[in-house]
Amino acid sequence: MERFVVTFARGFGSGGKEIASLLAADLGIHCYENRILTLASQMSGLDQRLFDEVNEKIRSNGGFSSLMRGLPRARSYISRNERFVSDDQLFEYQCAIINNLADTEPCVIVGKCADWVLRDRENVVSVYIEAPRAFCVERTIEHMGVTERVAHATIEQTDQFRADYYAYYTNGNYWTNPVNYDMTLNSERVGIASCVRLIEDYLVIKGLIEPSEIGQSK
């Protein structure tokens with residue numbers, strides 16, 4: 001399998017993380033989300049000597065992925081109840097990790113402005129997943145076990161955080177701008193499983209995978 005990256009941006013509760021995970025599993029590749037942030041946070045707190053040691057380990061092992069696989073996976077739903085506060089150094093570490101992943105392995109990356117970071121690469125497909133509010137509220141209630149009122153507030157707060165984050169690090173670009181993405185899918189209308197199939201079909205059309213590579217993990 002050739003190196004390629006599928007990036008995902010998604011509205012909270014739309015099922016975007018689930019679609020990303022299912023796609024990665026079906027293609028037999030890794031899906032990275034908040035482990036990127038965890039590793040970047042750890043690296044940004046290192047003094048120069050320790051950072052040099054980490055860099056040496058990365059070079060000898062072929063990339064950041066081996067370090068991230070030892071980190072715990074994120075919960076299915078992670079909401080942002082705080083206001084966005086920029087951290088340029090942390091974002092630089094995230095960019096370095098994302099670019100290294102794109103250089104070393106086929107993978108799926110969720111969030112982290114990965115579509116923007118990798119926008120000049122030919123082997124990248126960027127996807128945005130959204131759905132009507134009622135659908136997102138229903139999924140949030142089901143997965144988080146919260147009330148409808150809390151679900152609405154969580155969606156609003158998390159999506160605002162993501163919009164502010166994206167605008168800051170892309171110099172004012174808007175997170176839901178369809179021009180930023182290869183595909184924008186409505187997960188309620190299309191369905192979770194059908195979104196996965198559509199993305200796989202597009203990867204075949206783009207020449208990034210062969211039809212025989214779909215479902216190879218099963």
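This chain uses plain numbering: 1 for the first residue, then up along the sequence.
In this structure, the separation between CG on Leu198 and CG on Leu185 is 6.0 Å, given to the nearest 0.5 Å. We find the CD1-NE2 distance between Ile109 and His30 to be 12.5 Å, quoted to the nearest 0.5 Å. The CG atom of Asn180 sits 6.0 Å away from the CG atom of Asp115 when rounded to the nearest 0.5 Å.
Residue Ala151 comes nearest to Ile141 through the heavy atom pair CB-CG1, 3.8 Å, listed as atom of the first residue, atom of the second, then distance. Of all non-hydrogen atoms in Cys95 and Val117, the two that sit nearest each other are SG-CG2, 3.7 Å. The two residues Leu27 and Glu213 come nearest to each other via the heavy atoms CD2-O, 4.0 Å. The nearest pair of heavy atoms linking Ile19 to Cys195 is CD1-CB, 3.7 Å. Between Arg3 and Asn123, the closest heavy-atom pair is O-ND2, 3.1 Å. A pairwise comparison of heavy atoms in Lys17 and Val110 identifies CD-CG2, 4.2 Å as the closest pair.
Inspection of the Tyr166 and Asn177 side chains reveals no N or O donor paired with an N or O acceptor under 3.5 Å. No donor-acceptor contact under 3.5 angstrom links the side chains of Gln94 and Tyr169, judged on distance only. In summary, the side chains of Asn99 and Arg121 do present a donor paired with an acceptor at a separation below 3.5 Å, with no hydrogens or angles considered.
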Give every donor-acceptor pair under 3.5 Å between a side-chain atom in residues 124-138 and any protein atom, sequence neighbours left out.
residue: Ser126; atom: OG; partner: Thr7; partner atom: OG1; Å: 2.9
residue: Tyr128; atom: OH; partner: Glu130; partner atom: OE2; Å: 2.8
residue: Arg133; atom: NH1; partner: His152; partner atom: ND1; Å: 3.1

Intermediate values then yes/no, side chain to side chain contact (heavy atoms under 4.5 Å, CB included), Glu18 and Arg139: CA-CA 11 Å; Glu18 181 180 355; Arg139 283 181 57 88; 3.0 Å; yes

Test log, rule side chain to side chain donor-acceptor pair (under 3.5 Å), inputs Glu105 and Tyr32: CA-CA 12 Å; Glu105 64 173 293; Tyr32 298 105; 3.0 Å; yes

Side chain to side chain contact (heavy atoms under 4.5 Å, CB included) between Val108 and Val5, intermediate numbers included: CA-CA 6 Å; Val108 171; Val5 180; over 6 Å; no

Stepwise side chain to side chain contact (heavy atoms under 4.5 Å, CB included) check, Asn173 with Tyr168: CA-CA 8 Å; Asn173 209 303; Tyr168 179 84; over 6 Å; no

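Within the 4.5 Å cutoff, the side chain of Ile29 has heavy atoms near those of the Phe4 side chain. Between Tyr202 and Lys206 there is a side-chain heavy-atom pair separated by less than 4.5 Å. Put simply, the side chain of Glu200 reaches to within 4.5 Å of the side chain of Leu23, judged on heavy atoms. Contact of the Phe12 side chain with the Glu156 side chain is not registered, since no non-hydrogen atoms from C-beta on lie closer than 4.5 Å. Side-chain atoms of Ile199 and Phe8, non-hydrogen and from C-beta on, do get closer than 4.5 Å to each other. Contact annotation: the side chain of Ile192 approaches that of Ser187 to within less than 4.5 Å [non-hydrogen atoms, C-beta and beyond]. Side-chain contact between Val146 and Thr154: absent, with no pair of heavy atoms (C-beta onward) separated by less than 4.5 Å. Side-chain atoms of Cys113 and Trp175, non-hydrogen and from C-beta on, never get closer than 4.5 Å to each other.
Side-chain heavy atoms closer than 4.5 Å link hydrophobic residues (I, L, V, M, F, W, Y) into clusters, and following such links, possibly through other members, connects Ile36 to Tyr93. Using a 4.5 Å cut-off between side-chain heavy atoms of Ile, Leu, Val, Met, Phe, Trp and Tyr, with links allowed through other members, Tyr181 and Leu208 fall into different hydrophobic clusters.
Ion pairing between Glu33 and Lys112 fails under the 4.0 Å rule for side-chain N and carboxylate O.
Residue Arg189 places its CZ atom among 12 or fewer non-hydrogen atoms of other residues, nucleotides or ligands, all under 6.0 Å distant.
Although no hydrogens or angles enter the test, the distance criterion places a donor-acceptor pair under 3.5 Å between the side chain of Arg119 and the main chain of Trp116.
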